[in-house]
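Let me begin by presenting the structure, written as structure tokens, before commenting on it.
As the structure is a computational prediction, the values presented were derived from the model and not from experiment. A note on names: the letters A, B, ... follow the listed sequences, proteins ahead of strands, and every chain is numbered from 1.
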Amino acid sequence: MSFLTILLLYYFESCIIASMEKAVWDVKSQFETYKGEAVFDAMVAEFLLSDGRFSPQMESTLAQYGVTTLPELVEKQKERLAGLPKLQSLFNEIEMPLIEVLWSMEKTGILLDTDRLKKTGEEIERAIVAAEEEIKKEVGFEINLNSSIQVGNFLAEKAGVPLAKTKTGRYATNENEIFQHAEQFPIIKKLLAYRMLSKLRSTYVESLISKVDEKGRVHTTYNQVAVSTGRLSSANPNLQNIPVTSEFGQKIKACFTASADHVFVSFDYSQQELRILAHLTGEDKLIDAFKNNRDVHKTTAMLLFNVEYDKVTKEQRMIAKTINFGIIYGMSSFGMSQTLHIPTDEAQKFIDTFYKTYPKIQIYYEGYIKQGKIDGFVETLLGRRRYVYEDPKRKFVDNNMRRVLINYPIQGSAADLMRKAMIRIYAEVVKNNSSVKLLLQIHDDLVFEVKNEKKTIDGLIEKVRDIMCHIHPLAVPIEVDVKRGKTWGEMEKI
DNA sequence: TCGCCTTTT
DNA sequence: GAGGGAAAAGGCGAA
């Protein structure tokens with residue numbers, strides 16, 4: 001057989017394979033129908049190919065490509081992907097295989113102890129009634145505490161609290177705005193307590209109970225194409241924003257329970273975004289800190305305030321932590337001044353000192369933004385793209401775009417690595433193993449339900465940790481914190 | 001449907 | 001001189 005013949009055969013074979021794939025919009029929502037079949041998800045493809053401003057919609061995508069049916073659309077998407085090798089591999093090796101993983105997680109669901117949640121709900125209810133009574137006594141007339149307009153009017157005009165206005169001219173009553181007057185006006189603390197409880201009741205007690213199936217489990221829906229950085233989102237119910245901070249929040253989380261003879265085991269990437277920052281920028285001081293397993297916020301504080309590592313105070317560490325995360329998000333001096341409650345010029349000084357401390361971070365970002373403007377896009381470690389566009393409706397395009405771009409390679413690469421790890425974990429640990437179920441992903445955290453046997457748990461920990469830590473080697477070691485517990489609210493580090 | 005507020009990572 | 005942390009979901013009031 002000549003070389004040409006082989007090439008031709010290869011060409012025809014790939015055409016046949018390509019033409020056998022079924023063109024589908026949103027495979028996951030109809031997974032039972034297409035299970036085991038070769039499919040091409042046009043929605044998922046369009047998520048990679050589009051400019052990232054909106055989630056892809058079928059009607060408008062068809063119109064945009066000037067076609068009327070899915071096979072015509074897919075043909076054109078394939079042509080585009082063929083010219084973009086990195087995106088093509090991302091599509092074939094990450095995005096398409098992820099569909100089954102998410103489908104499986106959704107279908108499995110998580111057991112909710114509704115009796116316990118109802119009791120917690122009653123406790124919250126009592127606290128709400130008490131708070132409401134106290135507040136209403138002080139207000140002196142009928143008021144709906146859930147109405148920010150009524151509350152704003154009362155605080156500003158009756159109680160005399162000096163409140164700022166929102167952009168639409170109402171009084172701003174958000175926590176950040178009113179908390180600064182809490183000492184002078186004690187009603188504010190009661191109001192904030194009421195708000196927290198009321199939020200817990202409506203969003204996390206009543207709504208969760210209504211979503212339990214006949215087996216006592218709740219099933220979220222993961223959206224693979226909602227977030228341009230490549231993070232997942234979770235809805236109906238959203239299990240990615242279950243409370244963690246307050247005491248009642250913990251109690252709600254403790255109502256998510258492992259089934260009989262099972263436990264939860266969770267794996268949490270530790271400081272993953274800052275490790276990726278160290279990797280992308282090659283900043284030696286940050287790399288050293290991670291290599292030597294030092295506290296990264298403390299390290300920044302040490303360099304920023306020019307003190308010994310062991311002499312860093314709590315407050316210095318807190319400031320350093322704010323700056324570390326602020327840099328990741330492209331925070332402005334104003335944003336930082338709000339968070340730290342300091343003047344903007346002081347915040348600006350911290351930022352300048354940060355960049356002087358870590359010069360390679362500044363050099364990296366200058367080159368990265370410049371290249372992004374030249375190419376018209378920026379990309380993550382695995383080649384996910386964010387196109388640089390200008391929104392004519394917004395005034396300060398450059399600043400906003402800049403913030404988006406600065407955050408993108410960090411959050412996006414972290415999301416890439418998590419997606420890749422989930423696929424390997426599913427294939428190697430979950431799919432053909434009835435003792436292990438993958439239930440949840442909360443951005444840098446995976447939660448499994450595992451048969452409560454030492455051998456199974458130990459095996460899972462070894463395997464999952466190995467996959468997560470070595471999924472894409474960086475210039476710094478990757479670390480994963482492992483926890484276990486009978487409920488999601490009572491996980492203990494192991 | 002929009003605006004405000006709150007929750008998470 | 002404005003307007004300023006990244007990205008989501010969702011409840012509720014007001015219109």
Side-chain angles (χ1 to χ4, degrees), chain A residues 52-53 55 143-153 164-179 191-208 210-211 220-246 248-249 252-253 268-273 322-340 344 347-348 351 386 394-412 414-415 418 440-446:
Chain A
R53 262 182 285 190
S55 285
I143 185 172
N144 185 342
L145 296 178
N146 295 321
S147 161
S148 49
I149 295 178
Q150 292 183 36
V151 168
N153 287 341
K165 298 268 181 91
T166 67
K167 60 185 171 197
T168 54
R170 304 176 186 178
Y171 292 111
T173 68
N174 65 76
E175 176 167 3
N176 210 11
E177 194 56 53
I178 64 179
F179 185 72
L191 189 65
L192 289 172
Y194 169 84
R195 279 229 184 110
M196 184 200 73
L197 294 164
S198 167
K199 171 82 176 175
L200 291 176
R201 175 176 63 179
S202 61
T203 310
Y204 301 109
V205 178
E206 290 167 354
S207 142
L208 270 177
S210 76
K211 292 186 167 68
T220 186
T221 301
Y222 287 104
N223 192 338
Q224 184 176 350
V225 300
V227 188
S228 65
T229 57
R231 274 191 178 182
L232 300 173
S233 74
S234 155
N236 296 311
N238 181 352
L239 295 183
Q240 291 181 322
N241 72 347
I242 299 297
V244 285
T245 48
S246 69
F248 279 123
I252 289 171
K253 224 173 160 182
D268 196 342
Y269 274 122
S270 161
Q271 308 286 13
Q272 183 76 339
E273 294 192 336
T322 305
I323 298 172
N324 277 343
F325 283 109
I327 296 301
I328 287 176
Y329 289 135
M331 191 199 266
S332 60
S333 54
F334 178 85
M336 194 169 296
S337 74
Q338 293 285 294
T339 311
L340 291 173
T344 42
Q348 188 56 52
I351 294 171
R386 167 99 199 195
R394 295 189 78 152
K395 268 185 173 175
F396 307 100
V397 185
D398 283 348
N399 284 338
N400 283 325
M401 198 68 229
R402 210 185 149 79
R403 271 194 288 281
V404 170
L405 293 184
I406 285 177
N407 170 254
Y408 185 76
I410 302 174
Q411 191 181 114
M418 181 54 119
L440 304 175
Q441 189 251 43
I442 309 102
H443 309 304
D444 59 1
D445 194 8
L446 293 176

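Note on A/Gln441: every side-chain N or O is 4.0 Å or more away from OP1 and OP2 of B/dT9. For C/dA9, one of the phosphate oxygens OP1 or OP2 lies less than 4.0 angstrom from a side-chain nitrogen or oxygen of A/Ser233. A close approach under 4.0 Å does occur between a side-chain nitrogen or oxygen of A/Arg195 and OP1 or OP2 of B/dT6. For A/Thr166 and B/dC4, the shortest distance from a side-chain N or O to OP1 or OP2 is below 4.0 Å. The side chain of A/Ser198 contributes no N or O atom lying less than 4.0 Å from OP1 or OP2 of C/dG11. For A/Arg403, no side-chain nitrogen or oxygen approaches OP1 or OP2 of C/dG5 to under 4.0 Å. A close approach under 4.0 Å does not occur between any side-chain nitrogen or oxygen of A/Ser207 and OP1 or OP2 of C/dG10. Under 4.0 angstrom from either OP1 or OP2 of C/dC12 there lies no side-chain N or O belonging to A/Asn146. The phosphate of C/dA7 (OP1 or OP2) has no side-chain N or O of A/Ser228 nearer than 4.0 angstrom.
Going from atom CD of A/Gln348 over to atom P of C/dG4 covers 17 Å, rounded to whole Å. A/Leu405 has its CG atom 17 Å from the P atom of C/dG5, to the nearest Å. Residue A/Tyr204 contributes atom OH, which lies 8 Å from atom C1' of C/dG10 at whole-angstrom precision. Here C/dG10 presents its C1' atom at 14 Å from CD of A/Gln240, a figure rounded to the nearest Å. If you take CG of A/Asn174 and P of C/dG5, they are 12 Å apart, rounded to a whole angstrom. In this structure, A/Leu197 places its CG atom 15 Å from P of C/dC12, rounding to the nearest Å. Atom pair A/Lys165:NZ and B/dC5:C1' shows a separation of 19 Å (rounding to whole Å applied). As a whole-Å value, the separation of A/Arg170 CZ from B/dC5 C1' is 11 Å.
When side chains are defined from C-beta on, A/Leu200 counts as touching A/Ser246, because their heavy atoms get closer than 4.5 Å. The shortest distance between side-chain heavy atoms of A/Lys211 and A/Thr220 does not fall below 4.5 Å. Looking at heavy atoms from C-beta onward, A/Gln240 lies in side-chain contact with A/Leu232 at the 4.5 angstrom threshold. At a threshold of 4.5 Å between non-hydrogen side-chain atoms, the residues A/Tyr222 and A/Leu440 count as touching. Between A/Thr173 and A/Arg195, some side-chain heavy-atom pair lies under the 4.5 Å cut-off. Contact annotation: the side chain of A/Ile442 never approaches that of A/Leu239 to less than 4.5 Å [non-hydrogen atoms, C-beta and beyond].
Across all strands, A/Ser147 comes closer than 4.0 Å only to sugar-phosphate atoms, never to a base (heavy-atom distances). Counting non-hydrogen atoms under 4.0 angstrom, A/Asn236 reaches the backbone sugars and phosphates but no base. When heavy atoms are screened at a 4.0 angstrom cut-off, A/Asn238 is found touching the sugar-phosphate backbone but no base atom. Among the atoms of the strands shown, only primed sugar atoms or phosphate atoms (P, OP1, OP2) are found under 4.0 Å from some heavy atom of A/Ile242. Residue A/Asn144 is in sugar-phosphate contact alone, with no base atom involved, counting any heavy-atom pair closer than 4.0 Å across all strands shown. Contacts of A/Ile149 with the nucleic acid, taken as non-hydrogen atoms under 4.0 Å apart, involve only primed sugar atoms and P, OP1 or OP2. Among the heavy atoms of the strands lying under 4.0 Å from A/Thr322 is at least one base atom, whether or not backbone atoms are also near. Within the nucleic acid shown, A/Glu273 has no heavy atom closer than 4.0 Å to any nucleic acid atom. Within 4.0 Å of A/Phe325, counting heavy atoms only, lies at least one base atom of the nucleic acid.
Atom name P, nucleotides C/dG5 and B/dC4: the rounded distance is 15 Å, in whole Å. Comparing the same atom, P, in C/dG4 and in B/dG3 gives a spacing of 14 Å after rounding to whole Å. Atom name C1', nucleotides C/dG3 and B/dT6: the rounded distance is 22 Å, in whole Å.
Of the candidates B/dG3, C/dA9, B/dT7, C/dA9 carries the atom nearest the A/Ala235 side chain, counting heavy atoms from C-beta on. Comparing B/dC5, C/dA6, B/dT6 by their nearest atom to the side chain of A/Thr173 picks out B/dC5. Side-chain proximity of A/Gln150 to B/dT9, C/dA14, C/dG11: nearest is C/dA14. Counting only heavy atoms from C-beta on, A/Asn241 has its side chain closest to B/dT7 among B/dT7, C/dA14, B/dT9. Considering only side-chain atoms of A/Val227, the nucleotide from B/dG3, C/dG4, C/dA7 that sits closest is C/dA7. Nearest nucleotide to the A/Lys199 side chain, out of B/dT9, C/dA7, B/dT7: B/dT7.
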_Could you go through A/Ser198 and A/Asn146, starting from their C-alpha distance and side-chain angles, then the distance that decides it, and tell me whether this counts as side-chain contact (heavy atoms from CB on, under 4.5 Å)?_
CA-CA 8 Å; A/Ser198 167; A/Asn146 295 321; 3.4 Å; yes
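Counting all heavy atoms, side chain and backbone alike, A/Ile410 lies closest to A/Glu273 at CG2-O, 3.4 Å.
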